[in-house]
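Reviewing the structure listed below.
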Amino acid sequence: MFALKRRSIDKFVKPVKAREFCRQWFDADAQMEATRGYRAECVRLLSRILAVQTETISSKWGSGIDFEKMPEQYERTLAYANSLRSILDAAGNNPELSSIIAERLKQSH
């Protein structure tokens, strides 16, 4: 039954490429992407979100900011992380929603 629900959810989750994820997370434009240290910040972010060592990302996922060799399985995780960030951003602007989320988190522990 869980597999069926998972497949249903996956139909609505559009995978996110690493470059797009970093752009959205950092609210970056082309100029910011070209700044020194931007790639390193993306590597650190991807490492934290995906629980992958920075060395793996730096040495095996491509040399630029596209991370074109990132395994596809991580694209869905980045999509989920984007969704969660959107929810938390919305909660920050809505005290009632913040309370609901906080209460739900308490119940899950």
Look up atom [atom1] in [X] and atom [atom2] in [Y], then write down how far apart they are to the nearest 0.5 Å.
X	Y	atom1	atom2	answer
Glu55	Ser47	CD	OG	11.0 Å
Leu78	Leu45	CG	CG	8.5 Å
Tyr74	Leu46	OH	CG	11.0 Å

### Message
Within the 4.5 Å heavy-atom criterion, are Phe21 and Phe67 side-chain neighbours or not?
### Response
no
Taking every non-hydrogen atom, the tightest pair across [X] and [Y]:
X	Y	answer
Pro15	Arg76	CG-NH2, 4.2 Å
Arg39	Ile65	CB-CG2, 4.0 Å
Ile49	Thr77	O-CG2, 4.5 Å
Ala79	Lys14	CB-O, 3.3 Å

### Query
Under the side chain to side chain contact (heavy atoms under 4.5 Å, CB included) criterion, do Met70 and Glu75 qualify, and how do the steps go?
CA-CA 8 Å; Met70 179 180 82; Glu75 293 178 4; 3.5 Å; yes
### Query
More than 12 foreign heavy atoms under 6.0 Å from CD of Glu72: is that the case here?
no
### Query
Above 12 or not: heavy atoms from other molecules or residues under 6.0 Å from CD of Gln53?
no
Can you give each donor-acceptor pair under 3.5 Å made by side-chain atoms of residues 24-38, sequence neighbours left out, with the distance rounded to 0.1 Å?
{"residue": "Gln24", "atom": "OE1", "partner": "Asn82", "partner atom": "ND2", "Å": "2.4"}
{"residue": "Gln24", "atom": "NE2", "partner": "Glu20", "partner atom": "OE2", "Å": "2.9"}
{"residue": "Asp29", "atom": "OD1", "partner": "Gln31", "partner atom": "N", "Å": "3.2"}
{"residue": "Asp29", "atom": "OD1", "partner": "Met32", "partner atom": "N", "Å": "2.8"}
{"residue": "Glu33", "atom": "OE1", "partner": "Arg19", "partner atom": "NH2", "Å": "2.7"}
{"residue": "Glu33", "atom": "OE1", "partner": "Arg23", "partner atom": "NE", "Å": "3.4"}
{"residue": "Glu33", "atom": "OE1", "partner": "Arg23", "partner atom": "NH2", "Å": "3.3"}
{"residue": "Glu33", "atom": "OE2", "partner": "Arg19", "partner atom": "NE", "Å": "3.0"}
{"residue": "Glu33", "atom": "OE2", "partner": "Arg23", "partner atom": "NE", "Å": "2.9"}
{"residue": "Thr35", "atom": "OG1", "partner": "Met32", "partner atom": "O", "Å": "2.6"}

